[in-house]
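Below, chain A is the first sequence line, B the second, and so on; all start at residue 1.
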Amino acid sequence: MSRYSWMIGGAQGLGVDTSATIFGNAVARAGYYLYGNREYYSNIKGRHSYFQVVFSEKPLHSISSTVNVLATFDAETIFQHFTEVTDFIIYDKGVEGTNLDMVRSMEPEIAEQVRELLSKNGLGDTVKDVISYLEKKGVKAIPVNYLELLKRVADAYKLPLSVVERAKNIISVAASMSIFGFKLDYLKQAISSLFKNDLFIKFNTMAAELGYSLTENHYKLPEIPVSKPRIQVDGNTISAIGKLAAGLRFQSYYPITPASDESTYIEANQNLDMIVEAGELRKGGAVVVQAEDELAAINMAVGATLTGARAATATSGPGFALMAEGISWAGMNEAPVVITYYMRGAPSTGLPTRSGQGDLKFALNVGHGEFPRIVIASGDHEEIFWDAVWAFNLAEKYQTPVIHIIEKTLANAYSVFDEDHILGKKIPIERGKIVKPSGDFFRRFEITEDGISPRAFLGEASMFYAGDEHNEEGHITEGTENRIKMYEKRMKKLETADKEIPEEQRVNVVGDGNIVLLTWGSPKGAIIDAMDELKDVMMIQVKMFNPYPKNLMRKLLQGKSKIIAVENNYEAQGAQILTENTGIFPTNYILKWTGRAITREEIIEGVKQIVEKGEKKVVLSAGA
Amino acid sequence: MSRYSWMIGGAQGLGVDTSATIFGNAVARAGYYLYGNREYYSNIKGRHSYFQVVFSEKPLHSISSTVNVLATFDAETIFQHFTEVTDFIIYDKGVEGTNLDMVRSMEPEIAEQVRELLSKNGLGDTVKDVISYLEKKGVKAIPVNYLELLKRVADAYKLPLSVVERAKNIISVAASMSIFGFKLDYLKQAISSLFKNDLFIKFNTMAAELGYSLTENHYKLPEIPVSKPRIQVDGNTISAIGKLAAGLRFQSYYPITPASDESTYIEANQNLDMIVEAGELRKGGAVVVQAEDELAAINMAVGATLTGARAATATSGPGFALMAEGISWAGMNEAPVVITYYMRGAPSTGLPTRSGQGDLKFALNVGHGEFPRIVIASGDHEEIFWDAVWAFNLAEKYQTPVIHIIEKTLANAYSVFDEDHILGKKIPIERGKIVKPSGDFFRRFEITEDGISPRAFLGEASMFYAGDEHNEEGHITEGTENRIKMYEKRMKKLETADKEIPEEQRVNVVGDGNIVLLTWGSPKGAIIDAMDELKDVMMIQVKMFNPYPKNLMRKLLQGKSKIIAVENNYEAQGAQILTENTGIFPTNYILKWTGRAITREEIIEGVKQIVEKGEKKVVLSAGA
Amino acid sequence: MQEHKPVFVDWCPGCGNFGILRAEEMAIRELGIDPKKVIVVSGIGCSGKIPHFIQLPIGGVHTLHGRSIAYATGIKLSNPSLEVIVNIGDGDGLGIGMGHFVHAGRRNIDMTVIVHDNGVYGLTKGQASPTLHRGLKTKSLPRPNINDAVNPISVALSAGYTFVARGYAYDVMHLKDLIVKAIKHKGLAFIDVLQPCPTYNDINTKEWYDKRIYKLDNDPTWDPKVKSEADQQTKFERAMLKALEWGDKIPIGVFYENELVPTFEERIMQNIPNYLDYYPAKQEIEKNGESTTKIDELIKAKRV
Amino acid sequence: MQEHKPVFVDWCPGCGNFGILRAEEMAIRELGIDPKKVIVVSGIGCSGKIPHFIQLPIGGVHTLHGRSIAYATGIKLSNPSLEVIVNIGDGDGLGIGMGHFVHAGRRNIDMTVIVHDNGVYGLTKGQASPTLHRGLKTKSLPRPNINDAVNPISVALSAGYTFVARGYAYDVMHLKDLIVKAIKHKGLAFIDVLQPCPTYNDINTKEWYDKRIYKLDNDPTWDPKVKSEADQQTKFERAMLKALEWGDKIPIGVFYENELVPTFEERIMQNIPNYLDYYPAKQEIEKNGESTTKIDELIKAKRV
Ligand SMILES: Cc1ncc(C[n+]2csc(CCOP(=O)(O)OP(=O)(O)O)c2C)c(N)n1
Ligand SMILES: Cc1ncc(C[n+]2csc(CCOP(=O)(O)OP(=O)(O)O)c2C)c(N)n1
Ligand code: SF4
Ligand code: SF4
Ligand SMILES: [Mg+2]
Ligand SMILES: [Mg+2]
């Protein structure tokens, strides 16, 4: 398969993300699908960040262990990533003399490792040493005199050097475009569409021209004709759009990485049009509240659901932990709140800007007591959109909290896919048993066969909610008969959901080999992308953990020679849930808990280790 | 087996607990072991509460479905409990005319059920109707003219009637003593030892005399010689004593039922003597802080552990939910905090004064991310003491949070057992790898083979803690190599614990029949007490859920004809943990989620239903 | 099951909560609001049970300990046509809920917060609440309270509440008047209600209060209402100094009233012009099982 | 692995936090306290990283967002021989941590709380913090802030802090002096440090502050220290009124200082007489693998 990997790195706060988005945008214009992944420290300025973009003619969902072209303009990026480059490195001629000790932002442990590797190869610890190491290994190094080029740009527009400094990025992006053989025009278009300021467009365009002429077309990648519009979105944004499409009208949140960008996007786009009558638009708005903490955030959202508004919050581990009590109240009071759970490196503050899947069992068991917690997890950007819609429909149909898991890696990564995978499709809204009360009083918690009570909203009639065990009217009662029935009624909703939701909808299955790669969430992408090189494999991605698709899973796993749990955690929690529900254990494990995404090559290599070398468990570590 | 059940009921705030404690104390003086269980509404005054005391020559751990002697002095107790009485009912002649509608404190649903039952028997809805119903069924009714007796007491001591009113309780207790055939002297002794005020002792003693002469010795229970001292304690108190014995020196808490009585007890007894040198006592104190909320409570306790003090908090469901984030920090920072988790009726506020086992999986998975959470659960009052000590030893040996589960039913129940089960035994203190740092800097998170780092305390050297992933020094680092190792190190502690703690210590096994009653926590008592009437049974009580005793459980369950999960919840969470760890499913269930304790008879009946009638699942409901 | 069974009011005999209950019911009646549009949101405690006890067909939301203001915020902002009253305990609202209490002041949502200030954690058997003064030993405390008290009035003023008052549970008519004013007030209103707890607080009893309480209104020059920007600073400072009065004399009445601060609803309208007409709860998000929300623009903005 | 590798200080160039860091280091040095007895407890945010950056062999506990005061309380009360300094962010300490901030005032533990007051949530990319005034639109806000600001000084005073001051991150010597005073103060000390965040707060910048800031000490009659019970009320009221000053003129310096209020440690000693000599962390609970604690009396009290 033709799959190319490009990476750009640099200190946080210097525009690495923007240039990666521009590069992606330009490559997409050339007709390629792509997937881009962002890595950064929990820091505002100065620490190392990088962006990897992988592209191909076919849709992609993962990054690679190696990098064809590495675009750099500082020393740290070279030190952190030179082991990954296979073909080209673009670098600043001016930093050749920089040695490891001079890069103070680099973590001492990492510097130590680099020093060791270089010295093993008989080399010193300067950038120059690295470059010669690379050249020996066949990598082509492209030195750039950024300072001189920037000066030219500054002069041309009579701007101080500090203003045009970030055009460094564009120079290296342009050089990369030229190496791959993409038209400069696409880059110019991307610049025009992504910068707002005219002057910025102009001088960046000049920088692009300068950069483009630095190198030559090496890969000679063809242009691919595109028939249908495509979009480029990250996980935060597509989740926000999905929630708005689903009818979200109240979101409360407290800032936290990597969740808050979703809320910021919703707030920026809170004024909405609704097609209420055919052809007639009505304007409405989604209220977004920055709460004082996550305790307030969850409870505001739960309160909002009682009025009939579709309401949600978005958070990650530390904030989610603070929501436990509120989620339990929502369960007890059958409030259809949606929690978008952006999972990141844990425990505690952990790796706040890295990814992880270590909170699955916490999400599944959050809050004291027994009540239905529906938990779904998305494996790629398209899924995020549809799952966001699904989450609200589930919440209202089963009148219970729904937790939608999106990992940091997907939240901050972007992919390019066909627009009609979203637009033009029916976006189903199922609001469940909503009624208009007739009398003065409404029995909110009527006991029914399927556990689901008719629901009306505050203000429509007198009704009561209570976190205490309550009777059908919502008043506190401690009697045992009511307790048995009311408890059973709540729990029955899970059985009803289990009956109503086809198990096939809760699991993604690709292939039907004898070696099962059992996963959930983001590793799906690496597995799918690896499957063309793997033999006799089958991917099973669990999308809904509660109610768990037990019967289908039993059927799918029956007689398989290997069940390999692939997860971004230590315990293989997704597999533990499988065992709890079916008694089936995985036979092997491919696990990674560094906070970095699993690469396609790691899957291929991991499966090899297991199938050929008989390893029980493979621990992955790729990615700086 | 000779096992007698007595119950007293009355409106909250009128001294029902005190009189039950006095009754128990008096019965214990007659040489009997006993178990007393307390049920009350989430209310301060006016709602119905009751206390059941079961006694026997042999130690007991459960209540019964039926009551031999029911002592009452209001109408509600009669309406709520008459279906349980088998032999005697003591009641107020003055309330005979009271009907159901007049008892406003009774929940309408419960009144409805009583009305139905009576009308099915062709009876009206007054107390008198109930009494005739009972008499028809062979129960002996003992009417008491409380008012007249109280007046006599009031007159004798020249006190207003309102002051002596609570002596009603003592009258009914005394009448009960007489029916059972216990000496009045024991009651008098109990009164003297439990009341502080002299006048109270006097007039209650007179009330006791009056009550005693109302009835005659029916059961003629013999006095049993007692050779060794026995104690009568409830769960809150014995947990508090266990914690102090274990060296607890800092406890922070926020008031919550049924946990706060533990903290109140510790505070009241915070001045301690320590045997520091042989024969030499040194005075010290345990600091108790009433925090502003549970977020503060957990984090204060965690902070305290860093100084080397043994520190803990105690809470129940809603408060525990608020502790999730702090527990995750403690896991990340290897802080040996102990959380005594008083489990009550959930979800949310639930049944705040009733019991439950619905939070087990929450406790096991609390807090975001992966870290060792050691979870133990006690099955009776003696276990509570030793588990409290165990909890601190585990916490310090494995440097990780330990959650000690005690259900409300045990917290508020009391039992009588031999003093030498505690005093005179070695109370082991294992503090794990504590060192005195030599230099200025101390590497708190040194990576070691068994995952356990040497530990020193704040103030002894420069050292750092961080909720972020950190290096051996405790400074933030995001490098992947450190992440892999530091994470692994933390998780390894669980493996070390799993190796070091004998699995036999993590499971209680009684009997070795083919029918396994698989349980944890309080149902243990009912099962043990039921076993003399059950054939071919074996009780397996899991005491530690993490690390789970997988190998032993597999061995124990191998080839058993029935595995019946007995739990106070809906999902049989303890059994789900079994499946997750071993792949073994229970075959049957006996479950109860009314918030009331499981009775001995319910176990006998439940097993019958399963074994004889082939029921898959039996749902229990005994107890008003 | 019959509609609306009467709920047994299970507070202790003589509890100050009865006075608050009566005053609140009377205020709602007097204002003539449709009861079902009145949403009484409460926390956990003896005080928290109040929505169940109100003898009017209101909406009642009995939430979590300390969190009622957050629930109320979600309810009111998604349906601003509702009249939201928050009843909190002093432990509930000023102890565990202190953070929300203060931050609510920063928003000035048009709703009413009533604290049942009894100096104790009633429902958990009488521990000291944050309003109990240091050194006091109420009946159920084993030892004198070692924490200082918070001053609800001065904290509310510092936090930005635009209507700040104190009432007394046993002066039902006066309290009713305060509640009426608080509900009518445009913005976030706060009433600290001195509420004797005869069961656990044997210090701040009826007798104790009766001796000390006086009405701010008795002073004819007392006018707490801010009438102009210029007025603001002086009225606020005066209220703040008045708030410090406690001991032999305890003032009740309105300390501060300011409608010049825009409400949160008005602030939202700066961003969503038709917010009050077509608020979140009112918007029709579904038609024939499909979403009505147009997302074309949002998606197309992401085209490459 | 070598001992104590230097940690890279990863704040943005020009960040006000550098000033706080220097002032705090200087204060600790000046006081001559053994650094390892100094425990710097912080929350989460740019501010929260400070313990890692201090160039002295201190103890550092980098805790949770909003909870550092609770950790500090546990540390100080179980080992009162330690010198505890709490560094919190304004979002951290006065947003999510507001409840603890207020309740700490009720205890008056002998420690120091320093707020890094930059008006924004720095580490999460510049959202409005609770000290940002309404209507302001800092660089990273899509729209002007719709919440009112809290006033840290008046909240601290209301809450019962017995030392209340304001410093400025770019006046390092003045700030150092304040920190020295705060640490020496017997009781809970609070310093609100105005800390420019050049990356996200482009309104409350160095230039903005430099124009407005003046020192309370410039007024020779300004004496914030309470010297007698009689003094207390007036000094407190004056501090409270001063606290309201904000805008064209912003005072820095000590607002209020009162050592007449007993510390929490002193209050504990009323119940545990030898608390300070033999505090929790010091007690020997184990001897030869056995408990030293005598529980005989407790158990025997339960005999039947
Ligand atoms: C998170 C949490 N912590 C603790 C409790 C236990 N609790 C129930 S009522 C109460 C105190 C109530 O005191 P207050 O708010 O003053 O109300 P009052 O009973 O005095 O009206 C507490 C602490 C709880 N329900 N939830
Ligand atoms: C419970 C929780 N919620 C949210 C966050 C995310 N978070 C990290 S830093 C921060 C804000 C920091 O702002 P501030 O306290 O003002 O500190 P600054 O960065 O400005 O110094 C937030 C909200 C978190 N770590 N924990
Ligand atoms: S405990 Fe106090 S506040 Fe609660 S109901 Fe009784 S008297 Fe009222
Ligand atoms: S974001 Fe602001 S507060 Fe944080 S380091 Fe940068 S300048 Fe300082
Ligand atoms: Mg109270
Ligand atoms: Mg800040």
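Of the two parts of Ile299(C), the backbone and the side chain both hold a non-hydrogen atom closer than 4.5 Å to a non-hydrogen atom of chain A. Only the side chain of Leu272(A) comes within contact range of chain C, judged by heavy atoms closer than 4.5 Å. Looking at Asp34(C), there are no atoms closer than 4.5 Å to chain A (heavy atoms on both sides), in backbone or side chain. Interface remark: Ile39(C) contributes side-chain atoms only to the contact with chain A (heavy atom separation under 4.5 Å). For Leu82(C), the part lying under 4.5 angstrom from a heavy atom of chain A is the side chain only.
How far CD of Glu267(A) is from CG of Asn271(C): 7.0 Å, rounded to the nearest 0.5 Å. Here the CE atom belonging to Met300(A) is positioned 8.0 Å from the NE2 atom belonging to His100(C), to the nearest 0.5 angstrom. One finds the CD1 atom of Ile427(A) at 4.0 Å from the CD1 atom of Ile295(C) (value rounded to the nearest 0.5 Å). Taken from CD in Glu473(A) to NE2 in His52(C), the straight-line distance is 11.0 Å, to the nearest 0.5 Å. Separation of atoms CD (Glu284(C)) and CZ (Arg282(A)) is listed at 6.0 Å; rounding is to 0.5 Å. Interatomic distance, Ile298(A) CD1 to Arg67(C) CZ, rounded to the nearest 0.5 Å: 12.5 Å.
With respect to the salt-bridge test (charged N to carboxylate O, under 4.0 angstrom), the residues Lys300(C) and Glu419(A) do not qualify.
Ranked by non-hydrogen atom pairs under 4.5 Å with chain A, the options Arg107(C), Lys287(C), Glu297(C), Glu83(C) are led by Arg107(C).
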